[in-house]
Amino acid sequence: MTPERRPAIVGNWKLWGTRAQAADYCDRLLTLLPDERRRPAAVGICAPFTALDLCVERLSGSGVGVYAQNMHQEEMGAFTGEVSAAMLTEIGVDGAVLGHSERRQYFGETDRALQEKVPAALAAGLRPILCVGETEDEREAGETERKLRHQVQEGLEKVEGERLAEVTIAYEPIWAIGTGKVATPEIAQEAIAFVRALVGDRSREAAEAIRVLYGGSVKPDNAEEILAQPDVDGALVGGASLDPEAFARIVASASP
Ligand code: PGA
């Protein structure tokens, strides 16, 4: 990893976190993390919409970023149930996870929508984390690269070259999410190097600077060897992030 790419460890709570739980979580996490200057990685949490403002307040000044788990690309309109970028920035949210495989799978999120969401997030001053990854069938059929190429190219298509490096990409093989079946460090490295090369087709500088995370069953006992891979710039952690102690241990295994 080049020295400019500081790793990032981001916890995705998914459907978890009443305001009471979120408050308790944030307070516990802050007692477990070293001071911002001594942290081996940037840290963030992705909370449900209803707890975002509370997390922003609780974590203010701590250097822990607060992310939404989705965002709509339009500023306003007849899109019942959706939340815009401006609604997130107004309450101090730092970024948004976009295109998580669960949103693609259960809620019909499309690459076409992501093409609008990623630049809309950047335009509003939010840091987007674009998720990509193949299913088990696609991997077995030798389709991994085709799938990743499609998702990365579509998701970044409307992002201007100068802003590409502000996007974070999370490579999350669907067969590894919530299954306990973590990718081997070699698989993670190979896929993430491929994702980086795809960004390099747009801009070599951006490819050097962009962060690409691994996600899928990251736990305290497997994080270190994955995070040690040269192209892996951190992790998006689901299940294990719900326990602040486990999450802080994963942060501690990042190599600065
Ligand atoms: P997991 O989820 O760590 O529970 O596998 C990862 C993710 O979905 O971001």
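Atoms within each ligand, like the ligands themselves, are counted from 1 in listed order. Please read these numbers as outputs of a predicted model, since none were measured by experiment.
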Would you say the side chain of Phe247 lies within less than 4.5 Å of the side chain of Ile9, judging by non-hydrogen atoms?
-> yes
Looking at NE2 of His72 and CD of Glu82, how far apart are the two atoms once the value is rounded to the nearest 0.5 Å?
-> 5.0 Å
With sequence neighbours excluded, residues passing salt bridge (charged side-chain N to carboxylate O under 4.0 Å, His left out) with Asp24 | none
Do any nitrogen or oxygen atoms of ligand 1 lie under 3.5 Å from a protein nitrogen or oxygen, and which ones?
from     : atom 1 : to     : atom 2 : distance (Å)
ligand 1 : 2 (O)  : Lys14  : NZ     : 3.2
ligand 1 : 3 (O)  : Ser217 : N      : 3.4
ligand 1 : 3 (O)  : Gly238 : N      : 2.8
ligand 1 : 4 (O)  : Gly239 : N      : 2.8
ligand 1 : 5 (O)  : Gly178 : N      : 2.6
ligand 1 : 5 (O)  : Ser217 : N      : 2.7
ligand 1 : 8 (O)  : Lys14  : NZ     : 2.8
ligand 1 : 8 (O)  : His100 : NE2    : 2.6
ligand 1 : 9 (O)  : His100 : NE2    : 3.3
ligand 1 : 9 (O)  : Glu172 : OE1    : 3.3
ligand 1 : 9 (O)  : Glu172 : OE2    : 2.7

Salt-bridge present (Arg163, Glu166; N to O < 4.0 Å) | yes
Electrostatic pair Arg196-Asp233, nearest N-O below 4.0 angstrom = yes
Work out which heavy atom in Tyr214 is nearest to a heavy atom in Ala176; give both atom names and the distance.
-> OH-CB, 3.5 Å
